[in-house]
Engineer: 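Once you've had a glance at the structure underneath, I'll fire off some questions.
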Amino acid sequence: MQNLMANARIVLVNTSHPGNIGGVARAMKNMGIHNLVLVDPQEFPSGKADARSAGAKDVLANAQVVGSLAQAIEGCGLVVGTSARSRNIPWPLLDPRQTAAQALAELPKHQVAFVFGREDRGLTNEELHLCNFHVHIPSHEDFSSLNLAAAVQVITYELRMALLAAQKGDAPAPVWGTEWDEELATNDQMEKLFEHMQETLVEVEFLDPQSPRQLMARLRRLYVRARMDRIEHNIMRGILTATQRTLKKLR
């Protein structure tokens, strides 16, 4: 059961202070998680990160550094993004305990990424749109901000508690059912679908690129909420390809 944590991935986006990266590494190792991916950190590697890691230098040494969030979550079947505020287009929202239950149910099947944003402003709307669910830590409204390592500690603690419960035969129930006949489409497969869908909708003149009116954001929400499997993904790509082919014949 402990090997499940090999499929858990902590992703930090554009972290400004290297000490925070070290603090996150320590929080991860406390809870048995070692996969750290850094998206365009402002300073890494760094002695400040090493010092704050307090014995978790191995997590830092094995950390991956990539240039975009899309690269960081490539191959993941579930992506959860941390969000501290409401959005113009609400996304499926979980609390940390629900997030842990959902992740634990899916970790045997595929990689699961937990995405944390910048210290001062979190994740952008575009980055949050890459996530299947958002997670909100219900801190007190009078002092709601958490530092980065503390936020990671909350999520990873809940994940470890869910794991310990499962080892006793009392696994928490996931929010979304996970028993399925096919593997779920990965995040990068879904991104290719959304690119293909946008291209096709422009071609059939349903989407005006000069006035998109959040159409693609709402379609993203629909499809990430549905959690498509790989066969369903391939069917949708086939429909879009056939639509484009027919359109060319008509022209």
Side-chain angles (χ1 to χ4, degrees), residues 2-15 24-25 28 31-41 59 62-83 91-94 96 98-117 122-136 151-152 155-156 158-160 162-163 174-180 182-197 220-234 236-237:
Q2 289 283 1
N3 290 336
L4 288 181
M5 293 305 178
N7 273 346
R9 185 184 305 183
I10 300 297
V11 178
L12 306 183
V13 177
N14 199 208
T15 310
V24 166
M28 290 170 58
M31 299 300 148
I33 299 173
H34 293 81
N35 294 335
L36 176 62
V37 183
L38 306 174
V39 179
D40 191 26
V59 176
N62 293 316
Q64 290 181 269
V65 179
V66 298
S68 69
L69 180 54
Q71 290 176 286
I73 58 179
E74 185 173 344
C76 290
L78 174 65
V79 180
V80 182
T82 53
S83 180
W91 226 251
L93 184 66
L94 306 179
Q98 292 171 321
T99 297
Q102 188 66 44
L104 186 67
E106 300 198 30
L107 282 169
K109 302 174 178 67
H110 46 238
Q111 293 269 321
V112 175
F114 304 89
V115 184
F116 298 82
L123 297 166
T124 66
N125 286 335
E126 290 74 19
E127 290 162 345
L128 284 165
H129 288 170
L130 296 175
C131 303
N132 299 101
F133 299 107
H134 297 168
V135 57
H136 172 68
V152 172
I155 301 301
T156 55
E158 290 292 348
L159 186 57
R160 178 155 178 79
L163 174 64
V175 177
W176 187 87
T178 57
E179 293 301 322
W180 206 243
E182 293 291 336
E183 291 184 24
L184 295 177
T186 62
N187 182 272
D188 38 306
Q189 288 174 321
M190 291 301 297
E191 281 306 301
K192 290 184 175 66
L193 171 62
F194 293 133
E195 291 172 8
H196 195 175
M197 185 180 297
R220 276 178 173 274
R221 182 175 64 173
L222 169 64
Y223 283 99
V224 299
R225 192 168 69 234
R227 305 297 302 282
M228 296 173 66
D229 66 32
R230 297 190 182 199
I231 290 179
E232 292 165 341
H233 164 271
N234 291 340
M236 284 301 303
R237 291 293 300 270

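Just so you know, these numbers come straight off a predicted model, no measurement behind them. Computed over heavy atoms, backbone and side chain alike; hydrogens, waters and symmetry mates excluded.
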Engineer: Does Pro92 reach the side chain of Asn132, with side-chain heavy atoms less than 4.5 Å apart?
Structural biologist: no
Engineer: Using a 3.5 Å distance criterion without hydrogens, assess whether the side chain of Asn187 forms a donor-acceptor pair with backbone atoms of Leu130.
Structural biologist: yes
Engineer: Within the distance-only criterion (no hydrogens, no angle test), does the side chain of His233 pair as donor or acceptor with the backbone N or O of Gln189 below 3.5 angstrom?
Structural biologist: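 Yes, because the side chain of His233 sits within donor-acceptor range (under 3.5 Å) of the backbone of Gln189.
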Engineer: Looking at residues at least two apart in the chain, or sitting in another chain, which of them share a side chain to side chain donor-acceptor pair (under 3.5 Å) with Asn35?
Structural biologist: none
Engineer: So how far is it from Glu158 CD to Met31 CE, rounded to the nearest 0.5 Å?
Structural biologist: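 Between atom CD of Glu158 and atom CE of Met31 there are 10.0 Å.
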Engineer: With sequence neighbours left out, write down each residue that passes salt bridge (charged side-chain N to carboxylate O under 4.0 Å, His left out) with Arg9, or none if nothing qualifies.
Structural biologist: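 Listed in chain order: nothing, the list is empty.
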Engineer: Sequence neighbours left out, what passes side chain to side chain donor-acceptor pair (under 3.5 Å) with Glu127? Give chain and number order.
Structural biologist: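 Here the qualifying residues are Arg118, Thr124.
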Engineer: Rounded at 0.5 Å granularity, tell me how far CD1 in Ile73 sits from CG in Leu78.
Structural biologist: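 Reported to 0.5 Å precision, the distance equals 10.5 Å.
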Engineer: Looking at every non-hydrogen atom in both residues, tell me the closest pair between Val224 and Cys131 and how far apart they are.
Structural biologist: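 So the minimum-distance heavy-atom pair works out to CG2-O, 4.1 Å.
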Engineer: Looking at residues at least two apart in the chain, or sitting in another chain, which of them share a salt bridge (charged side-chain N to carboxylate O under 4.0 Å, His left out) with Arg237?
Structural biologist: none
Engineer: Between Ala8 and Leu107, what is the shortest heavy-atom contact and its length?
Structural biologist: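 The answer is N-CD2, 3.7 Å.
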Engineer: Report the residues that fulfil side chain to side chain donor-acceptor pair (under 3.5 Å) with Asp188, sequence neighbours left out, ordered by chain and then residue number.
Structural biologist: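 Partners of Asp188 by the side chain to side chain donor-acceptor pair (under 3.5 Å) criterion, ordered by chain and then number, come out as Thr186.
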Engineer: Nearest 0.5 Å, what's the CG-CZ distance between Leu128 and Arg220?
Structural biologist: 11.5 Å
Engineer: Just by distance, do the side chain of His136 and the backbone of Ser83 share a donor-acceptor pair under 3.5 Å?
Structural biologist: yes
Engineer: Looking at every heavy atom in both Val135 and Pro96, which two are closest together, and how far apart are they?
Structural biologist: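 Result for this residue pair: CG2-N, 3.8 Å.
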Engineer: Enter the distance from Lys109:NZ to Leu4:CG here, rounded to the nearest 0.5 Å.
Structural biologist: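 CG of Leu4 is found 10.0 Å from NZ of Lys109.
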Engineer: Measure across Ala185 and Met190 and return the closest heavy-atom pair with its distance rounded to 0.1 Å.
Structural biologist: CB-SD, 3.9 Å
Engineer: Enter the distance from Tyr223:OH to Met197:CE here, rounded to the nearest 0.5 Å.
Structural biologist: 4.0 Å
Engineer: To the closest 0.5 Å, what do you measure between CD (Glu232) and CG (Leu193)?
Structural biologist: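 Interatomic distance, Glu232 CD to Leu193 CG, rounded to 0.5 Å: 11.0 Å.
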Engineer: Could you tell me whether Arg230 and Glu183 have a side-chain N and a carboxylate O separated by less than 4.0 Å?
Structural biologist: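 So Arg230 pairs with Glu183 through a salt bridge.
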Engineer: Using side chain to side chain contact (heavy atoms under 4.5 Å, CB included), reason through Leu104 and Leu163 one step at a time and then give a plain yes or no.
Structural biologist: CA-CA 7 Å; Leu104 186 67; Leu163 174 64; 4.2 Å; yes
Engineer: When you measure from the side chain of Trp91 to the backbone N and O of Gly81, does any donor-acceptor pair fall under 3.5 Å?
Structural biologist: no
Engineer: How about Leu159 and Met5: do any of their side-chain heavy atoms sit closer than 4.5 Å?
Structural biologist: yes
Engineer: Applying side chain to side chain donor-acceptor pair (under 3.5 Å), name anything that partners Gln71, two or more places apart in sequence or on another chain.
Structural biologist: Ser68
Engineer: As a test of understanding, state which of Val11, Ile10, Leu12, Val66 forms a side-chain contact (heavy atoms from CB on, under 4.5 Å) with Leu38.
Structural biologist: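 The single option meeting the side-chain contact (heavy atoms from CB on, under 4.5 Å) with Leu38 is Leu12.
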Engineer: Between Phe114 and Ile33, is there a side-chain heavy-atom distance shorter than 4.5 Å?
Structural biologist: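 When only atoms from C-beta onward are counted, Phe114 and Ile33 do not touch, as no gap falls below 4.5 Å.
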Engineer: Run the side chain to side chain contact (heavy atoms under 4.5 Å, CB included) test on Leu123 and Val115 for me, step by step, so that the C-alpha distance in whole Å, both residues' side-chain angles and the decisive distance to 0.1 Å come before the verdict.
Structural biologist: CA-CA 9 Å; Leu123 297 166; Val115 184; 3.8 Å; yes
Engineer: Between His34 and Asn62, is any pair of side-chain heavy atoms under 4.5 Å apart?
Structural biologist: no
